Amino acid sequence: MIKVLKPGLQTTVQDQGRRGLYEIGMPPSGAMDQFAFRVANLLVGNHPNAAVLEMTYIGSELLFEQDTRISLTGGNIPPKLNGQSVPMWETLEVRAGDVLSFDFVRSGARTYLAVEGGIDVPLVMNSRSTYTLIGIGGYEGRALAAGDVLKTGDLHQCKVAAGTTIDKSYIPSYGKNHEIRVIVGLCSYRLTEESRQAFLETEWTVTPEANRIGYRHNGQRLKFVEREQPFGAGSNPSNVTDLGYPIGSIQVPDGVEPIVLLHDAVTGGGYATVATVISTDLNRMAQIKTNEKVKFAAVNLDQALKIRREQNEIFNRIAESLSS
Amino acid sequence: MTNSSLTTRYEYGGDEFVFVQLSEAMSLEANFKGIAITRKLKERNLEGIIDICPANASYMVRVDPDILHPDDLIRELQQIEDSMKDLEIEISSRIVDVPVLFEDPWTHEAVMRFRDRHQDPNSTDLEYSARINGYNSKEEFIQAIDASPFLVSMIGFVPGLPWCFQIVRQEKQIEVPKYVRPRTFTPERTFGFGGAFAVIYPVQGAGGYQMYGIAPAPIYQKEQTLPDFQDSIVFPKQGDIFRYRSITREEYDTIRSQVDAGTFTYQKKEITFTPQQVLEDPEKFSEMVLRRLYHD
Amino acid sequence: MSKSIIAPLPGVFYRRPAPDQPEFVREGDQVNPGDVVGLIEIMKTFYELKAEEAGIVEKFTVDNEAIVDAGQEIASLK
């Protein structure tokens with residue numbers, strides 16, 4: 001059992017996500033940084049889909065009521081065990097009575113805590129991920145609060161020795177200027193030629209409205225091609241006949257602020273989507289903070305699939321290094 | 001019937017999504033085409049498909065590109081589309097009686113609260129919508145919504161929200177703009193209209209559609225205590241036909257107490273139809289649907 | 001020795017609890033550990049920024065409603 005002494009700003013239970021339910025309007029939810037999430041589980045010998053805690057900007061203060069092993073990955077919110085600094089990206093031994101707490105965030109935005117066996121909350125539609133908008137999954141469908149008590153589950157596959165770590169070269173570093181790769185398309189024909197250029201050339205600033213639903217970016221106004229709107233599309237030039245929004249898709253309501261839709265986003269609506277963040281860079285997006293800079297770089301599908309294969313390869317090498 | 005008005009565009013949504021636009025404009029034809037293709041795709045049971053999400057005049061498929069390359073999927077989709085030139089498919093779905101209390105006190109309060117965000121602050125949403133669609137009164141406008149059923153053309157935004165497109169000839173379609181600036185509040189179960197679509201808001205929240213009334217029965221229930229929600233927390237399915245029936249306050253209260261008691265079920269009938277049946281004569285089809293729902 | 005109050009997270013910094021209410025603290029005021037000196041709005045929630053040490057607020061180094069970075073100095077104490 002783990003007792004929540006202080007919840008942090010927004011700490012939720014997450015796993016791979018709730019897949020296959022787009023057609024009923026259910027977004028996948030799940031860990032925003034799937035790479036950090038998967039490595040966290042590896043470091044404690046968990047099943048790949050064991051649930052973890054995702055902490056944003058401010059870490060939780062947690063009291064462990066039994067001996068176990070944990071790992072912390074993702075954004076650098078420096079962890080402390082009983083007030084002593086402990087490393088991230090490493091298997092850590094904790095004893096009953098130990099208190100885990102965190103310093104102020106240094107880099108990145110989201111830290112993942114995996115515990116041997118996984119966080120045990122009821123499966124809702126095959127996932128333990130929290131979707132706070134309608135209050136399902138995770139711990140009572142909400143972010144953690146002080147006084148909550150978490151149970152751990154039985155999704156433990158193998159013992160990993162305390163002190164096990166991954167090769168430093170595999171640990172991502174999180175800066176303040178980000179290049180996020182996208183495939184331009186979907187309804188990008190709605191933007192003027194100049195605005196399609198401007199979208200890729202502008203250095204965007206992430207606004208305070210940046211959460212699990214989406215990230216808004218401030219920079220300059222984009223323009224849509226003037227036209228007589230097709231029937232059913234709505235009156236604003238940024239409107240299209242309501243359609244599905246891929247995870248990572250970027251829309252620019254009224255041309256004002258590009259919004260990247262993320263894991264808890266609405267699944268569809270009436271705004272023209274102009275590009276989609278590639279899957280590997282969604283993980284990097286998860287570690288971007290408000291007020292940091294983003295440039296969108298266009299890649300084609302072949303490049304995106306190559307980057308994806310390279311990422312998979314890195315993950316496989318990490319998994320191999322831990323099993324040997 | 002012709003497919004001449006529709007041109008299909010295939011687009012990548014990152015490395016995991018394929019987005020297919022069937023038409024820029026909404027039409028029953030485009031929607032049926034999407035239903036037909038996505039249902040065929042589902043039957044093929046391809047390995048590597050994570051999500052098949054039909055929308056109004058487009059659809060989207062999510063794949064695991066390590067198993068199914070998006071280009072291979074696109075070839076498959078083109079082949080499906082070529083194989084059904086004339087929409088010769090049968091759609092099996094449900095006709096459902098969906099009661100709505102128009103001009104109810106709860107959405108009226110929200111209507112009044114957000115007048116400053118509306119194109120016409122001096123009218124209600126109903127008065128404004130009736131006027132711009134050429135109706136003499138809001139009563140006539142409500143009558144037009146009540147008279148012909150709607151096709152559930154897409155589910156999404158949030159879990160369970162049905163976009164509904166009325167089964168009438170194109171020139172009789174109602175079209176209204178969204179609020180100038182979105183509201184921060186919309187009551188749960190609000191019956192609204194935006195663009196060419198009627199919707200019911202499953203949960204309370206922000207929104208930009210015109211507000212006309214409230215449904216007494218839920219379309220989304222996460223506790224799954226009502227009989228209609230045993231299999232899914234979401235009631236509507238794409239391809240369903242909803243008749244939005246104008247009810248009195250008395251009937252509203254009766255249904256609310258049935259919902260609270262856990263006994264409410266939607267009045268519904270199974271139906272199998274072809275797109276041609278609908279497209280050739282929407283009025284005749286609508287009459288048949290209502291007869292079947294209430295009298296057969 | 002000068003001390004600082006640091007923003008632990010990014011967001012919009014507010015010196016007042018609400019637009020029509022007075023500032024939490026003013027330059028020259030004494031603060032004690034735990035005193036709220038401002039709010040930081042992020043992800044539609046408000047985080048109370050508290051003093052960790054006692055001191056006199058010498059100067060606010062960011063403006064009201066400015067967007068601040070995590071780790072940025074908000075005020076200096078003496």
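First the proteins, then the strands, lettered A, B, ... as listed; each starts at 1. Everything numeric here is computed off the predicted structure, so don't read it as measured data.
Per-residue heavy-atom pair counts under 4.5 Å with chain C were compared for A:I77, A:I58, A:V105, and the maximum is reached by A:I58.
In summary, A:E54 and A:R212 engage in a salt bridge, as defined by a charged side-chain N under 4.0 Å from a carboxylate O. Look at C:D35 and C:K50 and you find no salt bridge, because none of the NZ, NE, NH1 or NH2 atoms lies under 4.0 Å from a carboxylate O.
Judged by distance alone, the side chains of A:S29 and A:D264 do bring a donor and an acceptor atom under 3.5 Å apart.
Using a 4.5 Å cut-off between heavy atoms, A:T56 touches chain C through its side chain atoms alone. Proximity to chain C (any heavy atom under 4.5 Å) is restricted, for A:Q10, to the side chain, taken from C-beta onward.
The structure places CE of A:M55 at 4.0 Å from OG of A:S60, a figure rounded to the nearest 0.5 Å.
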